[in-house]
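Heads up, the thing below is written out as structure tokens.
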Amino acid sequence: MNQRPSILIARAVFPDVVDKLQQHFEVETTPAGVVWSPAELVQRLQGKAGVLTTGGERIDAALLAACPQLKIVANLAVGYNNFDLPAMTAAGVLGTNAPDVLTETTADFGFALLMATARRVTESERFLRAGQWKEWSLDLFAGAEVHGSTLGILGMGRIGQAIARRAAHGFGMPVIYHNRSKLSPEREAACKATYVDKAELLQRADHLLLVLPYSAASHHAIGAAELAQMKPTATLINIARGGIVDDAALAAALRERRIAAAGLDVFEGEPSVHPDLLTVPNVVLTPHIASATLATRSAMAHLAADNLIGFLVEGRPVTPLNPVVLAG
Ligand code: GLV
């Protein structure tokens, strides 16, 4: 008789991750390109002890009530705002995420998006591809300076600090930040960052980078009122989560040049993008790829798999979010 637990991989992952999981579990996979609706997900989860999710699968009280055999949800993402963690804890279901392995790669991308936005890389490429380049001119796609300008960071966890180190040590940028809690003096010194209140951050930053987790408290942390406090020459970069920025308010501010430019990797209601953002020229748009190198996405998927194996086989998950469940 087969005693192996059954699990679902809710979004396609690399074959070696499937192989690893098949050594321990009966594995149901999801074909590439398929995203289950909430009802389909519940159906697929029947009889499953574990599931490997991405940030796109919502795990809430209704799903948990409909899937009583579920014991662990392993998110292939560091962010876990798709989890109702209190509901999971109440149901005795462990949640895990995929921190650390993506920190430096995501910080690299924050910088890539900052530089592409400030220096108008994609806007100028569209112009060139459209055959509009007729002559060199002094102000052609003149953008904003990056080196030496002031970088503001909202949210100063591991990724924020990795970006601050790049900015301070590589680009000679004064770094200011705002966060729920102030860093220790040692950490502040390591990334040469100075704590300021949110109003000062908005007013002083030449480039404002968002790296905070999404929650009810951070919903529309950047809306019309906050955009109005920023410099008209400033750029805004969001690599955190959709919903932290009010995308409609941002599109209006960009169109009216109340800020200079934005770089967005995440969107409210993604993969849909607010139609107004698609029509303004001064925004760089990327499809939630900040952690997307093959090496890092592979490390994230293996960490999610290791959490499933660690918990269901050995009773020791690697990165538990609600370890209180383990004591129960
Ligand atoms: C990606 O957005 C993540 O949270 O890992």
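One-based numbering, in listed order, for ligands and for the atoms of each. Owing to the predicted nature of the structure, the values given are computational and were not obtained by experimental measurement.
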Any luck finding a side-chain donor-acceptor pair between [X] and [Y] under 3.5 Å?
{"X": "H220", "Y": "E268", "result": "yes"}
{"X": "Q161", "Y": "Y177", "result": "no"}
{"X": "D206", "Y": "T233", "result": "no"}

Is a donor on one side and an acceptor on the other found under 3.5 Å between the side chain of H169 and the backbone of A190?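 Yes; at least one donor-acceptor contact below 3.5 Å.
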
Is there a side-chain contact between R11 and T30 in this structure, where contact means two heavy atoms from C-beta onward sitting under 4.5 Å apart?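 Sidechains of T30 and R11: no contact.
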
Which residues satisfy the salt bridge (Lys or Arg N to Asp or Glu O under 4.0 Å) test with D108, sequence neighbours excluded?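 Checked D108 against salt bridge (Lys or Arg N to Asp or Glu O under 4.0 Å); matches are R166.
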
Distance under 4.0 Å, heavy atoms only, partner ligand 1: which residues pass?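 Ligand 1 pocket, heavy atoms under 4.0 Å: A77, V78, G79, L102, R241, H288, M300.
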
